[in-house]
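Supplied in structure tokens, the structure appears directly below.
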Protein chains: 2
Amino acid sequence: MKPEASGDVMTIREMCEAYDVTPRTLRFYEAKALLAPIRIGTRRLFTRRDRARLTLILRGKRFGFSLDDIRETLDLYDRDGSDAAQRDRACELARKRLAEMEAQRAELDQAIAELKEALAHAADEGQAPQRAA
Amino acid sequence: MKPEASGDVMTIREMCEAYDVTPRTLRFYEAKALLAPIRIGTRRLFTRRDRARLTLILRGKRFGFSLDDIRETLDLYDRDGSDAAQRDRACELARKRLAEMEAQRAELDQAIAELKEALAHAADEGQAPQRAA
DNA sequence: CGTTACACTGACGTGAACGTCAACGGCTCT
DNA sequence: AGAGCCGTTGACGTTCACGTCAGTGTAACG
């Protein structure tokens, strides 16, 4: 009898299937302090928090951030009641990240526009080259 | 007497300073067929085309694409009058890339929104924690 | 003509992000 | 108790994207 999701935690297998990653990857992320699953003896149980973080990790990777960058950014989300100085530095870093991401968004928009234009030109050359010659 | 930009080409040094990359990187990109500078004997002269491509390479990297991915995408821009079948495949790939990039932009927007919200919450906790306790 | 300065070509080294493999531990079904 | 199964821990291998270093070439300057 398996409760299938006893108390909102997931085994490593369930995680792998849910997020399409390998066990090795999850262990690697834990070793890098990106995830912190509950340890029952040696085994791992991944919580809601781990899943939220994994989502952000995979997203960050697609944006070209390194795992170290991602960890720093991740830690911004759950550092609630630390001391004020540390929180200030966190906010500082968050604003920096935000600026980076918005710059990246601008570049991405430009890249999309350029690619669209290139496609349009390709369509021109594909449709009307017989008309002139 | 150096013409400084004789005929719109640039030496490897000029390129390095202009784009903040190392010579090794430019040679590596040439070996990977991402760039194709003019070769005077063994020396390289980078054209306008090389510079346009380098801009796109560096941008692609920031989006998390591999150099191989980038080369494929790059080649879409200057394959003018090949045969029709090849052009069709290029357009297909371009549309695929375009879809990827738009998906990435959507994710990026979401990530930005979430980070903004996290920052707003952090500001809440930083401003009014004395009021309740 | 020697020296300086930059450029080139291999060849090997490196860090990040995993993959792979071996050996072991602990359930659980029978 | 034995046989499957995960799951875990090292340890080593791999790929990508370069860095670094040695040796060579060559154009220019004094």
Side-chain angles (χ1 to χ4, degrees), chain A residues 1-7 9-47 50-51 53-74, chain B residues 1-7 9-47 50-51 53-74:
Chain A
M1 231 198 291
K2 274 187 187 173
E4 201 197 53
S6 57
V9 295
M10 285 169 66
T11 72
I12 200 168
R13 279 296 158 197
E14 289 165 352
M15 288 292 284
C16 291
E17 288 175 19
Y19 291 88
D20 193 31
V21 294
T22 69
R24 179 70 178 94
T25 300
L26 293 177
R27 293 184 198 117
F28 183 72
Y29 288 169
E30 185 187 1
K32 279 248 164 183
L34 289 162
L35 299 178
I38 302 167
R39 301 300 290 259
I40 304 298
T42 77
R43 311 216 167 162
R44 296 163 173 85
L45 287 178
F46 295 84
T47 66
D50 291 313
R51 293 189 304 267
R53 289 174 73 97
L54 183 52
T55 299
L56 295 175
I57 293 167
L58 298 177
R59 179 184 291 165
K61 286 197 57 183
R62 262 164 278 158
F63 299 154
F65 290 110
S66 76
L67 292 183
D68 285 356
D69 283 350
I70 291 171
R71 179 166 37 71
E72 281 184 349
T73 308
L74 270 177
Chain B
M1 228 200 289
K2 274 187 187 175
E4 202 197 51
S6 58
V9 294
M10 287 170 66
T11 73
I12 198 166
R13 278 297 158 200
E14 290 164 351
M15 288 291 284
C16 291
E17 287 175 19
Y19 292 88
D20 192 32
V21 294
T22 69
R24 180 70 178 93
T25 300
L26 293 177
R27 295 187 197 113
F28 184 71
Y29 289 169
E30 184 187 2
K32 279 247 166 185
L34 289 162
L35 299 178
I38 302 166
R39 302 298 292 257
I40 304 298
T42 78
R43 309 217 167 163
R44 296 162 173 85
L45 287 178
F46 296 83
T47 66
D50 291 314
R51 296 194 297 273
R53 290 174 71 98
L54 183 53
T55 299
L56 294 175
I57 293 167
L58 298 176
R59 181 185 291 165
K61 287 195 56 183
R62 262 165 276 156
F63 299 155
F65 289 110
S66 77
L67 293 183
D68 284 356
D69 283 351
I70 292 172
R71 179 167 37 73
E72 280 185 349
T73 307
L74 271 177

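By convention in this document, chain letters (A, B, ...) are assigned in the order of the sequence lines, proteins followed by strands, and residues within each chain are numbered from 1. Keep in mind that the numbers below use all heavy atoms, side chains included, and drop hydrogens, waters and symmetry copies. Computed from a predicted structure; not experimentally measured.
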Identify which nucleotide among C:dT9, D:dA17, D:dT26 has an atom closest to any side-chain atom of B:R44, counting heavy atoms from C-beta outward.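 Between C:dT9, D:dA17, D:dT26, the one nearest the side chain of B:R44 would be C:dT9.
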With a 4.5 Å limit on heavy-atom distance, are the side chains of A:L45 and A:T47 in contact?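 With C-beta onward as the side chain, the pair stays apart.
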In whole Å, what is the span from the CG atom of B:L45 to the P atom of D:dT26?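 Taking atom P of D:dT26 as the reference, CG of B:L45 is at 16 Å.
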Report the C-alpha distance between B:D50 and B:E30 in whole Å, list the side-chain angles of each, state the deciding distance to 0.1 Å, and finish with yes or no for side-chain contact (heavy atoms from CB on, under 4.5 Å). CA-CA 10 Å; B:D50 291 314; B:E30 184 187 2; over 6 Å; no
At less than 4.0 Å, is any side-chain N or O atom of B:T11 found next to OP1 or OP2 of C:dC6? Yes or no.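 Answer is no, no contact under 4.0 Å.
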Determine: side-chain N/O of B:R13 to OP1/OP2 of C:dA7, distance under 4.0 Å, yes or no.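 Affirmative; the distance criterion is met.
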Quick one: is A:K61 getting a side-chain N or O under 4.0 Å of the C:dA17 phosphate, OP1 or OP2?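 No.
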For A:R62 and C:dA17, give me the distance from atom CZ to atom C1', rounded to whole Å.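 One finds 16 Å between C1' of C:dA17 and CZ of A:R62, rounded.
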Atom-to-atom span, CD of A:E14 to C1' of D:dG7 - whole angstrom: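 It is 13 Å, rounded to the nearest whole Å.
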Got a second to check how far B:I40's CD1 is from B:R43's CZ, nearest 0.5 Å?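 Those atoms lie 11.0 Å apart.
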Distance-only donor-acceptor pairs under 3.5 Å for side chains of residues 55-70 of chain A, two or more places apart:
| unit_1 | atom_1 | unit_2 | atom_2 | d |
| --- | --- | --- | --- | --- |
| A:T55 | OG1 | A:R51 | O | 3.0 |
| A:R59 | NH1 | B:E114 | OE1 | 3.1 |
| A:R62 | NE | A:L58 | O | 3.3 |
| A:R62 | NH1 | B:E107 | OE1 | 2.7 |
| A:R62 | NH1 | B:E107 | OE2 | 2.6 |
| A:S66 | OG | A:D68 | N | 3.4 |
| A:S66 | OG | A:D69 | N | 3.1 |
| A:D68 | OD1 | A:K32 | NZ | 3.4 |
| A:D68 | OD1 | A:R71 | NH2 | 3.3 |

When the distance from CZ of B:R43 to P of D:dG25 is rounded to whole Å, what number comes out?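 About 13 Å, once rounded to whole Å.
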Taking side chain as C-beta onward, heavy atoms only, is B:Y19 less than 4.5 Å from B:L26?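 Counting from C-beta outward, B:Y19 and B:L26 never come under 4.5 Å.
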Protein-nucleotide distance (B:M15, atom CE; C:dA7, atom C1'), rounded to Å: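 Answer to the nearest Å: 15 Å.
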Could you identify which residues of residues 24-41 of chain A place a heavy atom less than 4.0 Å from some atom of DNA chain C, listed by residue number, or say none?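 Within residues 24-41 of chain A, the residues near DNA chain C are A:R24, A:T25, A:F28, A:Y29, A:K32.
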Under the side-chain contact (heavy atoms from CB on, under 4.5 Å) rule, what do A:M15 and A:L54 come out as? Steps first, then yes or no, please. CA-CA 10 Å; A:M15 288 292 284; A:L54 183 52; 3.7 Å; yes
Mind calculating the distance between CZ (B:F65) and P (D:dT15) to the nearest angstrom?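 Those two atoms, CZ and P, are 23 Å apart.
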Considering only side-chain heavy atoms of B:I12, which listed nucleotide, C:dA17, C:dC8, D:dC18, is closest?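 It is C:dC8.
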A:L35 side, atom CG; A:R27 side, atom CZ - distance, nearest 0.5 Å: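 Atom-to-atom, A:L35:CG and A:R27:CZ are 12.5 Å apart.
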